[in-house]
Structures are given as C-alpha cells and as structure tokens.
Amino acid sequence: MDKIGLNKRYDPIGVEDKWYNYWMEKGYFHADEKSDNPKRYSIVIPPPNITGSLHIGHALNNVLQDILIRWKRMDGFNTLWIPGVDHAGIATQNIVEKQLMEEGRNRHELGRERFIERVWKWKEESEKTIIKQLKRLGSSCDWERERFTMDKGLSIATREVFVSLYEDGLIYKGDYIINWCTRCHTALSDLEVEHEEQKGNLYYIRYPLMIEGEKRPSTDHLTIATTRPETILGDTAIAVNPRDSRYISLIGRSVLLPIVNREIPIIADEYVDESFGTGVLKITPAHDPYDFEIGSRHNLPQLKVINENGRMNEKAGRYKGMDRFECRKELVKGLKEERYLVRIEDYSHSIGHCYRCKTIIEPTLSKQWFVKMKPLSEPAIEVVKNGRIRIIPRGWENTYFEWMKNIKDWCISRQIWWGHQIPAWNCLDCKGITVSRKEPERCIKCGGSNIEQERDVLDTWFSSALWPFSTLGWPEKTQELSLFYPTSVLVTSFDILFFWVARMIMIGLRFMKDVPFRDVYIHALVRDAEGQKMSKSKGNIIDPLLMMDRYGTDAFRFTLAAFAVQGRDIRLSKERIEGYRNFVNKLWNASRFTFLNLSDYNGGTRIEVDKSDLKLVDRWILSRLNRTILEVRKALDDYKFNEAANSIYQFIWHEFCDWYIELIKARLIDEGKEKRISQNILVNVLDKSLRLLHPFMPFITEEIGEQLPYKREGMMVSPYPEFEEDMVDDIAEKEMNMIMDFLREIRNIRAEMDIPPSERLKVILNVDNKNKINVLVREKDYICRLARVKELKIGLDNKREESAATAVIDGIEIFIPLEGLIDFKEEKIRLEDKLQEVRKDLIFVSKRLSNRDFITNAPPEVVAKDKEKQKMLIGKENKLQENLKSITRMCE
RNA sequence: AGGCACGUAGCUCAGGGGGAGAGCGCUUGUCUGACGCACAAGAGGUCGGCGGUUCGAAACCGCCCGUGCCUACCA
C-alpha cells in the first residue's frame, strides 16, 4: 500500500519500459511449438515496409492485433504472433537513391553489388526503428521468430514458388504492353498504377487519305481525336468500327501520317466507339494497352518511339531526345503550322501515375515476366464464397469478388536492383531460358555454359504473397507450420486487399492446399481531424510516438480501439485521446482507493463470502461486471473493438467508480465482517476489470495488478475473466436502478433549488408498496450518505409537508421539507414542467395503446411494456397534480 | 461511367423496426476522507430531403441532394 498511494496522477513514464522488459525476460511472447495445447491462435503481422518509421495506421493495425493476441493468450491459447518487415523493393530503392543523390552520387556509379550492400545497411537501420516502435506500442510479438522478406529462408521459399509456378506453366515471359515508370525505371503491375482525373486537351488532327493505288495523298482526310499527339510518331494504323456507315467504304485504304509522312492502313475493329470523338481511332500498339491488343489482332507493326527515360528515341526522327511532354508541344506546333490541326478541346480524363513516385506512367511494349492468374483466382474466389475464409466486415467480399473475376495476368518483373533476383538464366548462345532452384551450370536447352542470370527482380508483393507460410519455415516441414497454419486472422486495411490479401489466398491455396487465414479483419483508414488521408507531403501526420509520449501508450491504444468501428474511417482527434488519458487516471485512482482501504485485508483471492452476506450493491456490481464480461467477449469475438472498449469504459467509470466505490465508502470505515466483505468484492471487481482491460491497456493493468493481494506472474498471463451466469442478478439491478433514480431526483431538486450540497436534508418518502419500503429501509444508510440526508422517513401513508419540494418516481413520492428555503413560485414552475413532461409521455403511450392495430400486431411484450408504462405515468401524473395543487395554494 | 460507403447534439462519432446515445465542448453548482485529468445537476437533435413498406421508421426499400472512396478501355 505504501508503494501506491503516492501519486494522485498516473505517470506512464518508466512503467511501460519496465513491464515490457519484464514480459520479454519471462519469454511470455514466445509460442511453444512443442506444446500439445489443442487451442492455438496465430497471426502474421502485415510486415511494415523498411522505409523509415511507423505511422498511425501501423499503430492501429498493430494495436488491434495485440488486443486479439493478448486476449487469446489470456484465454489459454497457444498464441503466436510473427513479426517482421518487408523489403519494399521500389520504395526502399528510391529512398537509398535519394540518399545517394544528396551525396552527389548515383547507384550506377556505385554498381549493383555495392548499392545493394548500402540498402542492407539502410534496412538494418529502418528495421531497428520499426521494431522499437512496435515494442513501444506494447506489441506482444514473438521476437525470436522475427522474419524479413529477403532473409535466407524466405528467399528460398520465394525461389521455390517461382520455379514451381514456372514448371506448372503458370509463369511465363513475353513481350507485352506494361506500365512503365520513367522515373523508377521499372515495369509496374496494374495495381501499382494510380489513376487520377486530370485536365488535358483533346486534339483533333487531320490524317490525309491516300489515293487508291497511288503513293500520294488526296485532298480528302479523316479527322482523329487524341489526347497524346506525340504518339502519332508511333502510329501504325487507324481504326474505325466495321459497322460505322460513315467509314465503311474506307476500310482497307490508307492514310498518310502527318509530320511523319508514313503511309498506314485503315482497319476495322469492334473496339472503336462510333460515338466518341470522330469515330476514328489512331493505333499506337507500342504505347497504349488497348492499341496493343488491337494491334495484336491485326498483326500491326509495333513501333516504340519513347525510351525508358520518357524521351523520344531515334524512331521519332527530328523529335529524338525530346521529353515526351515537350515533344507533344512541339508536335502540336508543327501540326498547326502544317494545317493538320483542326481544333483543341479541353478534356479531362484519368491518367495513370506511379504509386511510388507519382510520375505519369508510360505504357510501353516490353519483355517481362507474368503470372497467369485465372487458374489461381478461381479457387481463391471459392474459399470466400463457401465461408472457409471470412472477410470482416462482409461488405468487402463484393469488392474482392469483383476484382478476382476481372483479374488480369500479373507482371512480376521489376527493373530494379533491390529484391529477389529472378531465378532464370538466359543462354547467350541459344537464347534459351533455364529456370532453376539452384544456380545452374549449363543451359537446359543447348547445354552450353554461356549463361547469365536475369538482372530483373521480382515484384515485392510476390514474396509477400507467401508470408503466412514462408514465415513458418516453408518449404521445410516445420512443427510451426503444422501447428499454426492456417493462421487465425489477418488484420489489415482495405488498401492492400488486392495487392496482398488476394494474392496470399491464391498462393496459399496453391502451395499449402489450404487457406492462409480463416478471418480477414479489415480495419479503417486513419485520417486527420479534417478527414484527409495522412501523408508526409500534406504535413498532417500525427506521430504515434508523440501521442504516446504525451498521453501514455495505454490511453493511445485505448483510443485507437474505441475508434475502430467496422466500415468507417477514423478521424483521430487529440481531445479524444485526452479523454481516455483521463480514463486511465480514473482507473489509477480507483485502484489507489482500493489499496488505501486494504491495509488490513487478509481475504482470499476469490469471492469466498457467503452469498447471503452480500449487500444489494455487491450483488449489483457483480451482476453488472458479469454482463460487461459477456459484452466484451462477444464484441471481441465479432471484432467490434469499439464496443468492447466502450463496455469496459462505461463499467469502470460509471458503475464501478461512480456508484460502487461511493456506496461502499461508509462500510469500509467500519471494522469487522462488513468491511471484509466490501474489501473482498472491491478487490475482486477491480482485479477482473483489470484483466478485462489488459489487452487494451497492458501497461497500467500490470502496474496496478502487481499490487493486488494475489501471487501472480503478471496480468498478461492471468486468465481472461469468464462470464458467470449465476452472478447475473436482475432483482439487484432493478432495485439499484430504483435507488439510483431516487438519488438523482434528490440531487436534481437540490441543484434546481440551489440547495448547497453541504446542507443536510430531511426527506420524507411516501411509497406505494411494502416491497419497495423494504428495499429502501434496507439501503437507508447508503441513500442517506449519497443524498446527504440527515433524516429519512419512509412509510406507506406519509403526507406532504406544506413547505416541501416534491418529486415522483415510479411508486415513490419524495418530499423534502424546506422551511424557509423554498420559493413556492419557483417550485410551482418546476412541478409544472415536470407535469408537462409526464403528460407528453402519457399522451404518446395512450395514443399507441388505443390503436387497435397496435394491440393486435405488435409483439405482446411490447404491448405489456407500454401498459405498465402507462400505469406508471398515470400514477406519476396524479401525484404531481396533487402536489402542484397544494403548492399553488401556498403561492396565494 | 459504374460500384461501395457515409450524412444522427456545437465538434468527433456509436446505435439501428418498439419513445434519441457516448466522449469532448458548453451552462450551473461543488472544494465530498481515490481522482479537479475530479464530482454533481443541466442545456442541446424534424437522426440530409422527398416518397413507400409497416400497427409503428432515425433504422428497411426507392428517388433526390451532399461528401468520400474504389473500380473502369471510350481514344
């Protein structure tokens, strides 16, 4: 007791580190792969990118996982939470390149090997920061099992998956149009392209029609609308719809390409929309995904005119070397001068940008590696359809199906250095490709030794797709795999549903023959108070570390949980965190109170008192506690973190602190049996509340829990409170509600009549039945104390005194004699207001009850409830009327 | 263009067929032997608009308005 009781305010500094170190020393986070515990629960962390530090979204993500893991651990499961970080190919490479730039160097000067060494150094640094932050949050990860997407085991796993898919014909290499980032110098998958609506122009350009059979243009022409005039240089045809009567006769003829003066054919293709622009489409197969497809259908030449830097290449003639956007300007100028340009319209359309650097994507023809998705996607759709995997909230299932149905092959090669180098070797002699798990010595085709490994690396998401089983040791047949796969739940946010979740499902099913996780819980995105997505460039980032420094980790964690509503984004506000900081402090002081009253306590660790010795308040608080336990468990089961947090909050603050502690103060002053019972219940309720709260607030619950009169190894390894049905006590709750109503009524009179709290009152009660009298008499001491009443007269026929304020609750008339203190006029107004309120309610209920349809159609219990209410209101109305009458007399 | 959310107290948000809830803020009072990061009592809402279903709608359905997000090949 001396230990606590010192500070009136809880100070998290020091406490958090102390407990985290304690848990680590005890090895509580470590899952036992040799355990025969049949209850198992596992989560793999969505590995944060090693691009610096964690933001608030990560904080939310990990707090929710930690809540689940701590809850299950307390509930007796063998729990495993695997932590780790992701190499994040392009993003990380960009960061290190930027660092080099600041030193006035670039990666090409350094060379591939030394550059990669440099990235590894950065990795160590960033990883350290991230892990530290995760620990600061209280995350109870199994650190002995920490993984990295490029560590040795995961590299082997990645290679295994690649080779295996290649052998099964699901990975192929080919020339296709891909999304090219001219700044990152790499291909990107469709998902890595962000579309953004932008203002641009639609240029109407005249293409002169060639005279049939001759090598010269006629004076006729076709007009074509385009947003990208610079691609004219790469046009190899123009297309019209075969049904378009305007152009039907022209199909098969040709036009002269303006500026370039090259002759290209007019082809017919269904894709062309007659109603858009002029109904004529220029075809640039090497720089547009749909032109590419049309080109393939018609065997058109593919003419690349833009290079990997976004500059025009030698095929662009006099525009060679120009940036693509500069070329556009110049070309338009040229078209204008040579009278090819008909007009320019304003036009806004969506343009693809690189999701890493926001550069405008250049669709480019290129040789890349792809994964065939259709055979993988079908089983992945099935497992969600048949409920083997649950997506929570369910609304996301539709989004998932939609995407999976329209899935296209996945471009997985990246022209960067940081990542898993593709395990394919090209033969310099026969051009054959050797794909192999081990470094091959000879070409599989010609047997020559003149082979060279692919320089490209794999898309980062390729290795992420194996995360749920590669982290458990696959392709080795480990104990961990057999114990913890499939994992129990994946906690993530919707923005990587396709990038990651869908791919994990596909790859997991393929290689493990089972889903990677049973539940997918999709949480909100954290936005700032204005609803903006947080980003460094906007400068609206709330730093989780700063919040934890300022308010403590427990308050911060609790806030995130309380905000974690399904299907809605979070707007984080400091006020709210502050509110929960106050809650932490409230709990701290309730505990102080408890310990200050425990100096002579030698009671047991359980509720060992005879149930018949329990007072109403005891029965009530135990009933409420158990209902709360039930609610919290249910909410956690359903991933309703906010509901769980709220239940605990309401219980601890507004029931345990506001009422129970206040009510038992008098009992604790006495000595003897009564005191012991109070102490016992007090300790038990506090203990269970702490354990209930532990997954949300791990630190303070340990700090307080340590001082409970129990011999324990720590809250985090104590059992999670169980719901005990026989503790639920409807009668106690009903009686307590009556007493609380009654107390509120007296306090209300006090406040409205400006009677200072220090003024002890005399109160007379006129009660309508014996039962209520018994309860009131029994609880008289409590009532007097909390209402600050010096004299309480309870009876069946007590009469109102003349100068008394009055109030009515269900079946109880309250008279407070206020000789000299009462202002009759004011009291009259007060009663009139009350009467009006009651009448309003009464009219409402009566109206409903007089509706025949209501009586016949509404459920009987609803009707019964209304009838009872009506009866109560009539009683109240009568009493109020009587009292109003006599107060009116006093006014005269 | 299509799809999906959302619109509830001044602010941030819960709830969801049977008389509107929380936190913060606001007003008034308290300095009570755990806590002023507190206690007590209050004020404050046509639950975006219009129709429909129902005995009953803030909740379910349709349309409209507003906001946000996602997906998309109309050059």
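Residue numbers begin at 1 in each chain, while the letters A, B, ... track the order of the sequences.
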Worksheet item: Is A:Ile232 close to A:Tyr207 at the side-chain level, that is, under 4.5 Å between some pair of heavy atoms?
Response: yes
Practice prompt. Answer with base, sugar-phosphate or nothing: what part of the nucleic acid does A:Leu497 contact at a heavy-atom distance below 4.0 Å?
Written response: nothing
Discussion item. From C-beta outward on A:Trp653, which listed nucleotide comes closest to its side chain: B:G18, B:A34, B:A38?
Written reply: B:A38
Worksheet item: Closest to the A:Asn589 side chain: B:A38, B:G18, B:A34?
Response: B:A34
Worksheet item: With sugar-phosphate meaning primed atoms plus P, OP1 and OP2, does A:Val845 contact a base, only sugar-phosphate, or nothing at under 4.0 Å between heavy atoms?
Response: base
Discussion item. Does A:Asp288 reach a base, just sugar-phosphate, or nothing at all? Heavy atoms under 4.0 Å.
Written reply: nothing
Worksheet item: Taking CZ from A:Arg394 and P from B:G3, how many angstroms apart are they, rounded to a whole number?
Response: 20 Å
Worksheet item: Hey, is A:Tyr290 doing a stacking thing with B:C73, by the 5.5 Å centroid and 30° angle criteria?
Response: yes
Worksheet item: Has A:Asn582 got a side-chain N or O lying under 4.0 Å from the OP1 or OP2 atom of B:A38?
Response: yes
Discussion item. The side chain of A:Arg576 is closest to which nucleotide in this list: B:G18, B:U12, B:G36?
Written reply: B:U12
Worksheet entry | Nearest to side-chain heavy atoms of A:Asp658, which nucleotide of B:G33, B:A34, B:A40 | B:A40
Practice prompt. Check whether any side-chain nitrogen or oxygen of A:Asn748 sits under 4.0 Å from OP1 or OP2 of B:G42, and answer yes or no.
Written response: yes
Worksheet item: Within 45° of the axis and under 6.0 Å from the centre of the six-membered ring of A:Tyr340, does NZ or CZ of A:Arg206 qualify?
Response: no
Item to complete: Kindly say whether, by distance alone, the side chain of A:Lys586 makes a donor-acceptor pair under 3.5 Å with the base of B:C35?
Response: yes
Discussion item. Measure CH2/A:Trp659 against C1'/B:A40 and give the value in whole Å, please.
Written reply: 10 Å
Worksheet entry | Set of residues satisfying ring-ring contact (aromatic ring centres under 6.0 Å, His included) with respect to A:Phe641, sequence neighbours excluded | A:Tyr521
Worksheet item: Which listed nucleotide (B:G19, B:A72, B:C37) is nearest to the side chain of A:Arg9?
Response: B:C37
Practice prompt. Check every strand shown and say whether A:Arg581 touches a base, only sugar-phosphate, or nothing at a heavy-atom separation below 4.0 Å.
Written response: base
Fill in: Nearest listed nucleotide, side chain of A:Glu575, among B:C70, B:G19, B:C24
B:C24
Worksheet item: Phosphate oxygens OP1/OP2 of B:U71: is one of them under 4.0 Å from a side-chain N or O of A:Trp396?
Response: no
Response to the item:
To the nearest angstrom, the CD-C1' distance between A:Glu293 and B:C74 comes to 14 Å
Worksheet entry | Exercise: do A:Ser846 and A:Gln870 side chains pair donor with acceptor under 3.5 Å | yes
Worksheet entry | Nearest-angstrom distance, P atom, B:G52 to B:U12 | 33 Å
Practice prompt. Report which part of the nucleic acid A:Gly279 touches: base, sugar-phosphate, or nothing (heavy-atom distance under 4.0 Å, all strands).
Written response: base
Discussion item. I need the CG-P distance between A:Leu761 and B:A41, as an integer number of Å.
Written reply: 15 Å
Fill in: Selection from B:C70, B:A34, B:A72 that lies nearest to any side-chain heavy atom of A:Ser350
B:A72
Practice prompt. Mind checking A:Pro859 for me? I need base, sugar-phosphate or nothing, with any heavy atom below 4.0 Å counting as a touch.
Written response: base
Worksheet item: Between the base of B:G19 and the side chain of A:Lys869, is there a donor-acceptor distance below 3.5 Å?
Response: yes
Worksheet item: Atom CG of A:Asn398 to atom P of B:C4: distance rounded to whole Å?
Response: 8 Å
Worksheet entry | Gap in Å between the two P atoms, one belonging to B:A9 and one to B:U54, rounded | 31 Å
Discussion item. Take N1-N3 plus N6-O4 or O6-N4 for Watson-Crick, N1-O2 plus O6-N3 for G-U, both under 3.5 Å. Which runs of 3 or more such pairs involve RNA chain B?
Written reply: B:1-7 with B:65-71, B:10-13 with B:21-24, B:26-30 with B:38-42, B:48-52 with B:60-64
Discussion item. Could you check whether any side-chain N or O of A:Thr226 sits under 3.5 Å from a backbone N or O of A:Arg228, counting only pairs where one atom can act as donor and the other as acceptor?
Written reply: yes
Response to the item:
Picking from B:C74, B:U32, B:G18, the nucleotide nearest the side-chain atoms of A:Phe276 would be B:C74
Practice prompt. Determine the contact category for A:Tyr649: base if any of its heavy atoms lies under 4.0 Å from a base atom, sugar-phosphate if only primed atoms, P, OP1 or OP2 are that close, otherwise nothing.
Written response: sugar-phosphate
Worksheet item: If you take atom types as modelled and just measure distance, does the side chain of A:Lys665 reach the base of B:A34 with a donor-acceptor pair under 3.5 Å?
Response: yes
Worksheet entry | A:Thr364 side chain vs A:Glu362 backbone, donor-acceptor pair below 3.5 Å | yes
Worksheet item: Quick one: which of B:C69, B:A22, B:G33 gets closest to the side chain of A:Ile669?
Response: B:G33
Worksheet item: Considering only side-chain heavy atoms of A:Phe563, which listed nucleotide, B:A22, B:C39, B:U12, is closest?
Response: B:U12
Fill in: Centroid distance under 5.5 Å and plane angle under 30°, A:Trp588 vs B:A34
no
Worksheet item: A:Lys574 near the nucleic acid: base, sugar-phosphate alone, or nothing, with a heavy-atom cut-off under 4.0 Å?
Response: nothing
Practice prompt. Would you check if there is a donor-acceptor pair between the side chains of A:Tyr660 and A:Glu655 at a distance under 3.5 Å?
Written response: no
Discussion item. Please classify the nucleic acid contact of A:Arg744 as base, sugar-phosphate, or nothing, using heavy-atom distances under 4.0 Å.
Written reply: sugar-phosphate
Discussion item. Is A:Lys847 close enough to B:C55 that one of its side-chain N or O atoms is under 4.0 Å from OP1 or OP2 there?
Written reply: no
Practice prompt. Rounded to whole angstrom, note down the P distance from B:G62 over to B:C6.
Written response: 14 Å
Item to complete: Report which part of the nucleic acid A:Asn585 touches: base, sugar-phosphate, or nothing (heavy-atom distance under 4.0 Å, all strands).
Response: base
Fill in: Between B:G68 (P) and A:Glu196 (CD): distance, integer Å
14 Å
Practice prompt. Identify whether any heavy atom of A:His654 sits under 4.0 Å from a base atom; if not, whether one sits that close to sugar-phosphate; answer base, sugar-phosphate or nothing.
Written response: sugar-phosphate
Discussion item. Under 4.0 Å, heavy atoms only, any strand: does A:Gln650 hit a base, just the sugar-phosphate, or nothing?
Written reply: sugar-phosphate
Worksheet item: Does the side chain of A:His298 come under 3.5 Å of the side chain of A:Glu293 through a donor N or O and an acceptor N or O?
Response: no
Worksheet item: Can you check whether A:Arg747 has a side-chain N or O nearer than 4.0 Å to OP1 or OP2 of B:A41?
Response: yes
Response to the item:
Rounded to whole Å, OH of A:Tyr639 lies from C1' of B:A14 at a distance of 21 Å
Discussion item. I need the CD1-C1' distance between A:Ile294 and B:C73, as an integer number of Å.
Written reply: 9 Å
Practice prompt. Answer yes or no: is there a donor N or O on one side and an acceptor on the other, between the side chain of A:Asp288 and the main chain of A:Asp291, under 3.5 Å?
Written response: yes
Discussion item. Taking the six-membered ring of A:Phe696 as reference, does the cationic atom of A:Arg557 (NZ for Lys, CZ for Arg) lie under 6.0 Å from its centre and within 45° of its axis?
Written reply: no
Worksheet item: Where is the tightest heavy-atom contact between A:Pro229 and A:Leu331, given as atom of each residue plus distance?
Response: O-CD2, 3.0 Å
Worksheet item: Is A:Lys282 touching bases, backbone alone, or none of the nucleic acid, heavy atoms closer than 4.0 Å?
Response: nothing
